[in-house]
Engineer: 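Here's a structure for you.
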Amino acid sequence: RSGRMSPAMESKGIVSPRVADEVLTVQEVAEYLKVTTKTVYYIIKQGSLPSFRIGRSVRCRRSVVESFIERQLQDAASGSGSPESNGGQA
């Protein structure tokens, strides 16, 4: 088998384990999140986005990036971390 999923599984949002464990560069993470590479490095430095090195290059697993997105969505839904949750003060 080629490891590809059926279109029916893909349409239901089921992600292939191979895709979930895909390794992304910082540039690819930035493109995925639609932010700059500087922002990605900042998020990694904060400890919010686990990463690893291969030589001098920083990499992230796609599944970790997707978990990061889910946490951000949950935080936004609960009001934590937003300016509105602390009286509009930044």
Side-chain angles (χ1 to χ4, degrees):
R1 299 184 82 175
S2 67
R4 294 186 52 132
M5 293 177 34
S6 72
M9 290 177 73
E10 289 176 357
S11 70
K12 292 179 182 173
I14 299 171
V15 178
S16 164
R18 178 179 282 171
V19 172
D21 285 339
E22 179 182 6
V23 175
L24 303 174
T25 65
V26 169
Q27 179 65 44
E28 291 168 331
V29 173
E31 290 170 8
Y32 187 57
L33 297 176
K34 300 195 178 1
V35 298
T36 66
T37 55
K38 185 176 179 178
T39 299
V40 174
Y41 283 116
Y42 177 76
I43 295 167
I44 289 169
K45 187 175 180 180
Q46 280 186 313
S48 299
L49 183 62
S51 64
F52 60 96
R53 289 189 173 271
I54 298 177
R56 293 175 57 191
S57 301
V58 177
R59 300 285 190 264
C60 298
R61 289 193 182 275
R62 179 182 293 274
S63 58
V64 169
V65 175
E66 291 174 354
S67 295
F68 170 79
I69 293 168
E70 288 301 316
R71 284 193 310 274
Q72 297 305 303
L73 291 171
Q74 289 172 0
D75 288 350
S78 69
S80 65
S82 67
E84 293 79 23
S85 66
N86 60 6
Q89 301 297 314

Engineer: Using the rule that two of Ile, Leu, Val, Met, Phe, Trp, Tyr join whenever any of their side-chain heavy atoms come within less than 4.5 Å, decide whether I43 and I69 are in one cluster.
Structural biologist: yes

Engineer: Using 0.5 Å steps for rounding, measure from the CD atom of E28 to the CD atom of E22.
Structural biologist: 6.5 Å

Engineer: Indicate if V35 and L24 have the same hydrophobic cluster label, given that clusters are the connected sets of ILVMFWY residues with side-chain heavy-atom separations under 4.5 angstrom.
Structural biologist: yes

Engineer: Can you pull the side-chain hydrogen bond (donor to acceptor under 3.5 Å, both in side chains) pairs that have at least one residue in residues 46-60, sequence neighbours excluded?
Structural biologist: Y42-Q46

Engineer: Testing the 3.5 Å rule here: is there a donor-acceptor pair between the side chains of Y32 and Q27?
Structural biologist: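 There is no such pair (donor and acceptor under 3.5 Å, judged by atom type) between the side chains of Y32 and Q27.
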
Engineer: How many angstroms lie between atom OH of Y41 and atom OG1 of T36, to the nearest 0.5 angstrom?
Structural biologist: 11.0 Å

Engineer: Between OG of S67 and CD of Q74, what distance do you get to the nearest 0.5 Å?
Structural biologist: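 Going from OG on S67 over to CD on Q74, the span is 9.5 Å.
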
Engineer: Within a strict 4.5 Å, meaning less than it, do heavy atoms of the S63 and D21 side chains meet?
Structural biologist: yes

Engineer: About how many Å separate CZ of R71 and CG of L49, when rounded to the nearest 0.5 Å?
Structural biologist: 7.5 Å

Engineer: Are side-chain heavy atoms of F52 and V23 found at a separation under 4.5 Å?
Structural biologist: yes

Engineer: Between T37, T39, V40, which is the residue that forms a side chain to side chain contact (heavy atoms under 4.5 Å, CB included) with V29?
Structural biologist: V40

